[in-house]
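Here, residue 1 is the first one in the sequence, and each next residue gets the next number. Every number for a ligand or one of its atoms is a count from 1 in the order of the listing. This is a predicted model, so every value here is computed, not measured.
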Amino acid sequence: MPTPAAELTPRISTAIAAAFGDAYLGTDPVLRASQFADLQANVALALAKRVGVPPRVVAEKIVAQLDVAGVCSAVEISGPGFINLTMDNGWLSAQAATQSADERVGVPVQQTKTIPIDYSAPNVAKEMHAAHLRTTVVGDALARTLEHLGHRVVRQNHIGDWGTPFGMLIEHLLDVGVQSDEAGLVNTDPNAFYQHARAKFDGGDAFADRARSRVVALQAGDAETLQLWQGLVDLSKVYFNRIYSALDVTLTDVDLAGESRYNPVLQQICDELETRGIAEVSDGALCVFLDGYTGREGKPVPLIIRKSDGGYGYGTTDLATIKYRVQDLGADRILYVIGSPQALHLNMVWDTARKAGWLPNGVEVVHVQIGNVLGPDRKLMRTRSGNPLRLMELVDEATLVARKVIDEARPDLDEALRATIAPQVGIAAIKYADLSVAHDTEYVFDLDRMVSLTGNTGPYLQYATARVRSIFRNAGLAPESAVGPISIVQPAERLLALELLGFGDVVAQVGDQLEPHRLCAYLFSLAQAFSGFYESCPVLKADDAAVRDSRLALCALTLRVIVTGLGLLGISAPDRM
Ligand code: ARG
């Protein structure tokens with residue numbers, strides 16, 4: 001089910017070859033939407049230089065050879081040599097019918113790749129903050145989309161479950177008892193627990209000493225210590241899972257692949273790098289010095305893989321993730337959905353892994369950079385900087401604000417229904433706000449804007465689907481029964497069909513470029529095209545039964561495309577709203 005651009009590109013290439021010879025076979029014309037026609041081909045200007053003929057003449061020669069019978073209803077040359085193409089209504093109708101008959105509504109199945117996706121990665125006994133929220137939401141949308149495109153996605157939740165803070169956390173847990181309310185904080189208000197442990201650590205030598213020996217015992221695999229550590233991790237899992245289920249995120253316990261799991265291989269990694277001369281001891285620490293990484297005054301910046309106190313660093317664990325994902329999981333493509341500030345870290349890890357031969361050229365690694373989320377003061381929304389932001393509270397607040405919006409917009413809906421819809425709308429608002437801007441840019445977290453039923457928001461798209469469903473409810477029909485035949489005639493029908501046909505391409509593009517905001521932009525523009533269609537083309541009051549059936553089929557197709565698209569973003573759409 002080709003989009004107009006995909007249908008026309010090879011036809012124009014063929015015409016170019018026919019007009020100017022085989023040397024030009026495969027010349028890729030640039031096609032873009034135009035205000036004068038459905039599409040505009042911009043190729044004559046570039047070709048004019050190569051063939052030595054004025055651009056308009058080039059365009060004329062291409063058009064003379066162009067076979068678009070049954071595809072375009074008009075082909076015109078405009079300006080200095082643009083080719084304006086208007087799609088044929090019959091062709092649009094047939095394509096829309098094909099899309100409607102396709103259970104995947106035009107989304108292709110790609111050749112399967114194995115794609116581990118590292119995302120979410122909160123830390124044990126710490127609050128998840130806004131940046132964790134964003135990697136979770138973006139990573140989950142990518143996981144859903146790539147899976148839908150036919151890939152084998154392996155979710156990797158690289159939680160921070162190892163390291164020096166566990167000494168003080170375990171000692172604090174021992175002091176208060178696993179069954180205590182204080183221990184319960186780990187899964188309700190982890191920061192409070194963390195800060196209480198921290199205060200004791202900073203406040204007294206005896207506790208700090210215990211904490212330090214506890215880290216040693218943990219590293220040495222002491223059974224009792226490991227059990228206590230596991231207790232902390234388990235409490236945190238409860239907390240993570242509550243957030244994931246509130247946010248409708250697909251991560252579960254089987255996706256946990258935290259720092260601790262790589263513990264057994266870290267020494268071996270260091271040894272291997274050292275014996276092979278890739279790592280060397282510098283100031284007591286085992287370091288990898290790579291070309292091209294220099295800091296101030298040209299001083300080389302090392303990737304430290306073993307600190308002078310013998311502890312392994314974040315970089316060592318991440319080297320282990322590469323080995324595991326390449327060798328054990330058989331990855332073709334590895335995504336790290338991680339904050340932008342970690343770009344240097346990741347690049348050093350990858351370069352080290354390449355040097356060691358652990359990251360073959362055929363395996364693509366991508367840092368899906370996550371930009372900052374800002375508070376209304378345009379400062380970082382952070383936990384550690386004094387003002388604790390609790391993710392669960394954020395979710396609850398979103399639900400509350402959503403409830404107010406629904407109460408105002410739909411006082412006619414019954415109370416129980418409004419109560420069920422509110423969390424769905426609140427979560428959609430948060431997730432869509434994260435997804436609709438490029439993942440590497442920063443944005444201001446503004447609940448009122450995010451929850452609005454107008455504008456480029458999640459709730460607006462949910463509302464659009466509910467409106468389409470209400471058309472069917474009013475007609476006493478199931479959307480699935482609206483199968484046409486589809487006949488595209490009116491300008492607003494044409495615009496809607498042109499949008500609908502673009503769905504598969506956009507989803508494939510999101511899978512390739514890893515940019516969910518393109519799907520958001522697409523869905524928003526589709527919803528607007530639908531509004532335009534619904535305003536100017538009566539559906540239930542259409543002049544005759546054939547027109548009504550055709551328009552109902554367009555409504556049903558629009559509904560399926562938006563619901564499918566929202567689903568790939570991890571957003572559900574209530575039936576009524
Ligand atoms: N736990 C880390 C944090 O909270 C993020 C880990 C990201 N993943 C990784 N493989 N380094 O900042």
Side-chain angles (χ1 to χ4, degrees), residues 115-140 142-143 153-166 169 186 190-191 194 229 232-233 236-237 239-240 243-244 249 251 255-263 265-266 269 303-305 311-329 331 333-353 358-359 363-373 380-385 388-391 439-440 514:
I115 311 179
I117 309 185
D118 185 319
Y119 71 102
S120 192
N123 301 311
V124 164
K126 282 205 203 139
E127 180 69 59
M128 283 174 80
H129 51 65
H132 286 128
L133 172 69
R134 202 166 176 199
T135 131
T136 304
V137 168
V138 171
D140 209 48
L142 292 175
V153 168
V154 191
R155 293 165 175 77
Q156 296 281 284
N157 193 357
H158 190 82
I159 57 170
D161 59 357
W162 201 253
T164 38
F166 283 90
L169 292 168
V186 177
N191 265 1
Y194 190 92
W229 166 82
L232 273 174
V233 175
S236 275
K237 280 203 275 192
Y239 167 74
F240 300 153
I243 303 251
Y244 294 150
V249 163
L251 287 168
D255 309 312
L256 288 172
E259 294 177 15
S260 65
R261 78 167 290 158
Y262 300 103
N263 211 30
V265 300
L266 300 183
I269 285 182
L303 179 72
I304 298 177
I305 55 173
Y312 302 105
Y314 188 52
T316 332
T317 333
D318 264 330
L319 280 171
T321 64
I322 306 256
K323 284 189 97 174
Y324 173 68
R325 291 166 195 178
V326 171
Q327 291 166 12
D328 298 7
L329 296 178
R333 194 180 190 203
I334 311 174
L335 314 186
Y336 289 83
V337 187
I338 308 184
S340 318
Q342 294 191 38
L344 178 68
H345 160 80
L346 276 182
N347 279 304
M348 293 184 86
V349 167
W350 296 343
D351 281 351
T352 303
W358 300 332
L359 181 55
V363 179
E364 186 196 5
V365 283
V366 189
H367 180 190
V368 179
Q369 301 202 4
I370 298 299
N372 290 325
V373 184
L380 272 194
M381 282 186 68
R382 255 198 204 272
T383 39
R384 273 188 252 171
S385 62
L389 158 85
R390 297 177 49 198
L391 213 49
H439 57 70
D440 56 352
L514 310 171

Of the side chain and backbone of Asn123, name the one, both, or neither that has a heavy atom under 4.0 Å from an atom of ligand 1.
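Answer for Asn123: side chain.
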
Does [X], backbone or side chain, put an N or O under 3.5 Å from an N or O of ligand 1?
X	answer
Ile338	no
Thr321	no
Tyr336	no
Tyr314	yes

Give the numbers and elements of all ligand 1 atoms closer than 4.0 Å to a heavy atom of Asp318.
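Taking each heavy atom of Asp318 in turn, ligand 1 has 9 (C), 10 (N), 11 (N) under 4.0 Å.
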
Interfacing atoms of ligand 1 (cut-off 4.0 Å, heavy-atom, Gln342)
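So the atoms of ligand 1 that pass are 12 (O).
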
Check Thr136, Asp140, Asp255 against Ser120 for a side-chain hydrogen bond (donor to acceptor under 3.5 Å, both in side chains) and give me the one that passes.
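So the option named by the test is Thr136.
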
Donor-acceptor under 3.5 Å (His439 side chain, Thr135 main chain):
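No, because the side chain of His439 does not come within donor-acceptor range (under 3.5 Å) of the backbone of Thr135.
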
Check: His345 side chain, Gly315 main-chain N or O, donor-acceptor pair, under 3.5 Å
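No, the answer is negative, given that no donor and acceptor are paired below the 3.5 Å cut-off.
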
Are His345 and ligand 1 in contact, using a heavy-atom cut-off of under 4.0 Å?
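The answer is no, since His345 has no heavy atom less than 4.0 Å from ligand 1.
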
Does Gln156 reach the side chain of Ile334, with side-chain heavy atoms less than 4.5 Å apart?
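Gln156 vs Ile334: side chains apart.
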
Taking atom 4 (O) of ligand 1 as the point of reference, which of His132, Gln156, Glu259 owns the nearest heavy atom?
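Going through His132, Gln156, Glu259 one by one, His132 has the nearest heavy atom to atom 4 (O) of ligand 1.
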
